[in-house]
Amino acid sequence: MTSIQHKKSPFIGEKVLLRAIELTDVPLLMKHWNTYETRIGLGAYIPDSSQQREEWVKEITEKRKKGESFIFAIINNKTNDFLGVCSLTKVNKINRGAFMGVAIYDPKDHNKGFGTDAVECLLKIGFDVLNLHRIELHVYEFLDSAIHIYKKLGFKEVGIRREASFIVGEYRNDLVMDILEDEFKKLNNK
Ligand SMILES: CC(C)(COP(=O)(O)OP(=O)(O)OC[C@H]1O[C@@H](n2cnc3c(N)ncnc32)[C@H](O)[C@@H]1OP(=O)(O)O)[C@@H](O)C(=O)NCCC(=O)NCCS
């Protein structure tokens, strides 16, 4: 068995590292948060103010204290630049389940491997640190790159929430995807 000190931190990937979000991050959170291409995938595209982002940071800090949500800043390993946010939320201590989310805020940073790396870290945190049994996500069926990443990392499509989301004048389906701890362990040779 590898000694604990020689194991790689689950918070550090090949391209990104995940760290806690601070109130001082609000200007970074604001820089691209109101970008339509980013927000349209997250189900909330009405622009937010800095004050709303500050309140959000305070809310997630409270939820973190209660063990309900774990939300991290995604940081570029090489440049230390802020890239986006990823999360394990609605943590259920009886079922050991949680919901996952990820966003790389600046569209110019998309398709560079950051999202995949962040989700890989998040799965390690979910299963190896928080000892979750199941991680679920909902994704709009038109978000092809997000669905591609989730499948590549072991998520299975388990259902469709028909016309669950009303987006820019049209109802769209949401895909429900999940991954179980055994599946994660098998994929990671554990
Ligand atoms: C979804 C998101 C997190 C992906 O992050 P990213 O850093 O761009 O992703 P990566 O660069 O790691 O990987 C993108 C993958 O999608 C693939 N891809 C790109 N466009 C695609 C398309 N139209 N169809 C299928 N796959 C596509 C890329 O080839 C790449 O896969 P590969 O590494 O196997 O070649 C990012 O686009 C994002 O933040 N979008 C806005 C918020 C959002 O929609 N979040 C998801 C909510 S469920």
Side-chain angles (χ1 to χ4, degrees), residues 10-19 21 25 28-48 52-53 56 60 69-91 97-126 132 134-179 184 187-188:
F11 293 85
I12 301 175
E14 296 299 320
K15 297 185 175 194
V16 304
L17 64 84
L18 306 188
R19 66 153 172 79
I21 297 177
D25 288 327
L28 298 171
L29 291 167
M30 281 303 287
K31 195 166 174 206
H32 297 287
W33 176 243
N34 289 326
T35 307
Y36 179 81
E37 291 83 352
T38 303
R39 292 285 295 289
I40 199 73
L42 302 174
Y45 52 89
I46 300 172
D48 275 347
Q52 281 168 304
R53 288 291 83 198
W56 177 74
I60 63 169
S69 287
F70 298 84
I71 304 188
F72 304 106
I74 305 169
I75 305 296
N76 184 325
N77 259 347
K78 306 274 173 314
T79 62
N80 218 26
D81 287 337
F82 170 91
L83 294 168
V85 167
C86 62
S87 59
L88 290 167
T89 56
K90 300 183 189 166
V91 174
F99 280 80
M100 198 219 83
V102 60
I104 301 296
Y105 282 13
D106 183 351
K108 289 197 199 83
D109 288 328
H110 290 176
N111 287 311
K112 294 179 179 169
F114 297 129
T116 305
D117 207 28
V119 176
E120 266 193 286
C121 288
L122 205 56
L123 289 175
K124 286 180 191 154
I125 294 165
L132 295 174
R134 177 175 176 271
I135 297 177
E136 176 172 340
L137 63 84
H138 295 176
V139 54
Y140 298 137
E141 64 179 3
F142 57 85
L143 289 177
D144 295 324
S145 62
I147 294 166
H148 171 83
I149 291 175
Y150 302 144
K151 284 188 176 163
K152 192 163 112 176
L153 295 179
F155 280 88
K156 290 189 173 18
E157 199 179 311
V158 292
I160 296 179
R161 291 168 12 111
R162 295 181 307 145
E163 300 191 8
S165 300
F166 185 68
I167 311 169
V168 206
E170 285 178 62
Y171 285 100
R172 303 284 192 151
N173 296 338
D174 296 346
L175 301 187
V176 180
M177 304 182 84
D178 71 11
I179 180 167
F184 168 79
L187 286 169
N188 290 276

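Just follow the structure's listing: the first ligand is 1, and inside any ligand the first atom is 1. Owing to the predicted nature of the structure, the values given are computational and were not obtained by experimental measurement.
At least one donor-acceptor pair closer than 3.5 Å links the side chain of Asn173 to the backbone N or O of Glu163. Looking only at distances, a side-chain donor or acceptor of Lys15 sits under 3.5 Å from a matching main-chain atom of Lys112. A donor-acceptor pair under 3.5 Å is absent between the side-chain atoms of His32 and the main chain of Pro107, judged by distance alone. Distance alone, capped at 3.5 Å, places no donor-acceptor pair between the Ser165 side chain and the Ile167 backbone. Between the side chain of Asp117 and the backbone N or O of Gly113 there is no donor-acceptor pair closer than 3.5 Å. The main-chain N or O of Arg53 is never found under 3.5 Å from a side-chain atom of Asp48 such that the two would form a donor-acceptor pair.
Among protein heavy atoms, atom 12 (O) of ligand 1 sits closest to Thr116 OG1, 2.5 Å. Nearest protein heavy-atom neighbour of atom 34 (O) of ligand 1: His148 NE2, 2.7 Å. Looking only at protein heavy atoms, the nearest one to atom 41 (C) of ligand 1 is Thr38 O, 3.6 Å. For atom 47 (C) of ligand 1, the nearest non-hydrogen atom of the protein is Gly41 O, 3.5 Å. Remark: minimum distance from atom 18 (N) of ligand 1 to any protein heavy atom is reached at Ser145 CB, 3.6 Å. Scanning the protein heavy atoms around atom 8 (O) of ligand 1, the nearest turns out to be Asn111 N, 2.7 Å.
If you look at Tyr150 next to ligand 1, the close heavy atoms, those under 4.0 Å, all belong to the side chain.
We find that Asp25 and Arg19 are joined by a salt bridge, their nearest charged nitrogen and carboxylate oxygen being less than 4.0 Å apart.
Around atom 40 (N) of ligand 1, the closest heavy atom drawn from Lys151, His110, His138 belongs to His110. For atom 24 (N) of ligand 1, the choice among Ile149, Asp144, Leu175 with the nearest heavy atom turns out to be Asp144. Counting only non-hydrogen atoms, the option in Leu143, Leu42, Ile104, Val119 that gets closest to atom 39 (O) of ligand 1 is Ile104. With Val102, Val16, Ile74 as candidates, the residue nearest to atom 46 (C) of ligand 1 on a non-hydrogen basis is Val102.
Each of Ile74, Ile104, Asn76, Thr38 was checked for a side chain to side chain contact (heavy atoms under 4.5 Å, CB included) with Asp109, and the lone residue meeting it is Ile104.
Annotation: the span from Arg134 atom CZ to Ile179 atom CD1 amounts to 11.0 Å, rounded to 0.5 Å. Interatomic distance, CD of Gln52 versus CE of Met30, reported as 8.5 Å (0.5 Å rounding). The distance from the CZ atom of Phe114 to the CG atom of Asn77 is 9.0 Å, given to the nearest 0.5 Å.
Polar contact check, Lys152 against ligand 1: a nitrogen or oxygen pair lies under 3.5 Å apart. Of the polar atoms of Asp117, none of the N or O atoms is found under 3.5 Å from an N or O of ligand 1, judged by distance alone. At least one N or O atom of Gly115 sits closer than 3.5 Å to an N or O atom of ligand 1. The shortest N or O to N or O distance between Lys112 and ligand 1 is below 3.5 Å. For ligand 1, the polar-atom distance check against Gly113 finds a nitrogen or oxygen pair separated by under 3.5 Å. Not a single N or O atom of Ala103, backbone or side chain, sits closer than 3.5 Å to an N or O atom of ligand 1.
There is a protein heavy atom closer than 4.0 angstrom to atom 6 (P) of ligand 1. Distance check for atom 2 (C) of ligand 1: every protein heavy atom is found at 4.0 Å or beyond.
Glu141 CD: more than 12 foreign heavy atoms inside a 6.0 Å radius. Summarising the local packing, OH of Tyr171 is surrounded by 12 or fewer heavy atoms from other residues, nucleotides or ligands at distances under 6.0 Å.
If you number the atoms of ligand 1 from 1 as listed, the ones under 4.0 Å from a heavy atom of Val139 come out as 48 (S). Each of the atoms 1 (C) of ligand 1 lies under 4.0 Å from some heavy atom of Ala146.
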